[in-house]
Amino acid sequence: MLMTSFSVNSPASSCDKFVDAPLKAHLRAVIILAGGTGKRLGGVSKPDIKIAGKRLLDHCLDHLPHNTQPIVIAPPTVTVDPHVIRLLEDPPLSGPAAGLHAGWDYCRGELHLLREDVIGLLPVDAPLAGYALRELTQKFRVNSDDTDGKPYSYPDSCLLAYANNHVQRCVGVFSPSALVDACQEKTRNISMRRFLQRIPENNIREIPVNPQWVCDVDTPQDLAHIAELLSANRA
């Protein structure tokens, strides 16, 4: 995998003003993984945990770009607003890759995807990860020429967030073509590490992001810390 440097407020490239500049990626949809068991939190429903008066799921949704379609992978007991799509992996609790696959199946079947569209992924217990997806989308290199005859052609296949000396495999942005290829084989009960191995390594980049953006809730002790971050980063 390739790593690039981190810049929160990187200036726009001077080539943006030219007509023949590469297309800018557009975050068309975000798949939110919210179907886990929450064992380390006593088996509670993670998306329904309330912090600072709101559910974790609602915090996640608040930090997404407004022109993005949210797709929540969660059981029917998790309520969502009408504009949010709720799905469940088949079978339930079969892992994050299966959840990503379920969300992608909806995208390819129900959304009109343009060449510049990319698909985001984040876990419900990282409520500020929408900021990371914005950063990844800005750095996603989209090829404006369909030279290989495929419906979508991208110099980048997948960008993953990198923080605290770790790759955040569930915080990433994918090209449609990468998901088409990676989802051809079964995704049930496989890890995201194995799923990402289906994408050519040279087409995956790790992008350093603000570590606060990928802080998550795994234990009861994390709740107070996340509450402080949410208070300091109000959407």
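Treat the numbers as computed from the prediction; the structure is a model and nothing was measured.
- Pairing each heavy atom of C170 with each of P123, the nearest pair is O-CD, 3.3 Å.
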Derivation and outcome, side-chain contact (heavy atoms from CB on, under 4.5 Å), residues R198 and T187: CA-CA 11 Å; R198 300 176 181 179; T187 52; 3.7 Å; yes

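- The shortest distance between side-chain heavy atoms of H63 and W213 does not fall below 4.5 Å.
- Although no hydrogens or angles enter the test, the distance criterion places no donor-acceptor pair under 3.5 Å between the side chain of T68 and the main chain of L64.
- No side-chain heavy atom of T77 sits less than 4.5 Å from a side-chain heavy atom of S45.
- Here CZ of F140 is found 16.0 Å from NZ of K24. Values are rounded to the nearest 0.5 Å.
- Taking the salt bridge (charged side-chain N to carboxylate O under 4.0 Å, His left out) definition, one finds that D58 meets it with R55, sequence neighbours left out.
- When side chains are defined from C-beta on, D218 counts as touching K46, because their heavy atoms get closer than 4.5 Å.
- The one candidate from L136, L100, V118, I31 that meets the side chain to side chain contact (heavy atoms under 4.5 Å, CB included) condition with F174 is L100.
- In this structure, the side chains of C158 and I199 come closer than 4.5 Å at one or more pairs of heavy atoms.
- At a threshold of 4.5 Å between non-hydrogen side-chain atoms, the residues V72 and L87 do not count as touching.
- Remark: side-chain polar atoms of H166 are paired, donor with acceptor, to backbone N or O of N164 under 3.5 angstrom.
- At least one side-chain heavy atom of R169 sits under 4.5 Å from a side-chain heavy atom of R193.
- The shortest non-hydrogen separation linking L160 to G172 is CD2-CA, 4.1 Å.
- Tracing side-chain contacts under 4.5 Å through hydrophobic residues (I, L, V, M, F, W, Y), one reaches L56 starting from Y131; they form part of the same cluster.
- Of the listed residues (I49, D125, V80, V84), just one forms a side chain to side chain contact (heavy atoms under 4.5 Å, CB included) with L57, and that residue is V80.
- Just one residue in the list L128, V217, D216 forms a side chain to side chain contact (heavy atoms under 4.5 Å, CB included) with I226, and that residue is V217.
- Note on D62 versus K54: salt bridge recorded, some NZ/NE/NH1/NH2 to OD/OE distance being below 4.0 Å.
- Taking every heavy atom of both residues into account, P47 and V78 meet most closely at CG-CG2, 3.7 Å.
- Once rounded to the nearest 0.5 Å, the distance linking CD1 of I119 with CD of Q69 reads 10.0 Å.
- P75 and A34 get closest at one heavy-atom pair: CD-O, 4.2 Å.
- From E185, atom CD reaches atom NE2 of H101 across 11.0 Å, with rounding to the nearest 0.5 Å.
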Step by step, would you call V171 with L121 a side-chain contact (heavy atoms from CB on, under 4.5 Å)? CA-CA 5 Å; V171 181; L121 176 71; over 6 Å; no

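- The minimum heavy-atom distance linking V209 with A161 is given by the pair CG2-CB, 3.9 Å.
- Using a 4.5 Å cut-off on side-chain heavy atoms (C-beta onward), I73 and I32 make no contact.
- The CZ atom of R141 lies 8.5 Å from the CG atom of N203; values are rounded to the nearest 0.5 Å.
- How far CD of Q168 is from SG of C215: 9.0 Å, rounded to the nearest 0.5 Å.
- Nearest heavy-atom pair across C107 and A29 is SG-CB, 3.8 Å.
- A continuous path of Ile, Leu, Val, Met, Phe, Trp and Tyr side chains, each step under 4.5 Å between heavy atoms, connects F195 with L33, placing both in one hydrophobic cluster.
- Between L27 and R134, the closest side-chain pair of non-hydrogen atoms is not below 4.5 Å.
- S231 contributes no side-chain N or O that, together with a main-chain N or O of E228, makes up a donor-acceptor pair within less than 3.5 Å.
- Looking at D156 and R205, a side-chain N of the basic residue comes within less than 4.0 Å of a carboxylate O on the acidic one, giving a salt bridge.
- By the criterion of side-chain heavy atoms lying less than 4.5 angstrom apart, applied directly or through intervening Ile, Leu, Val, Met, Phe, Trp or Tyr residues, V124 is grouped together with L230 in one hydrophobic cluster.
- Of the possible donor and acceptor atoms, none in the side chain of D105 sits under 3.5 Å from a partner among the backbone N and O of A102.
- Once rounded to the nearest 0.5 Å, the distance linking CG of L113 with NE2 of H26 reads 10.5 Å.
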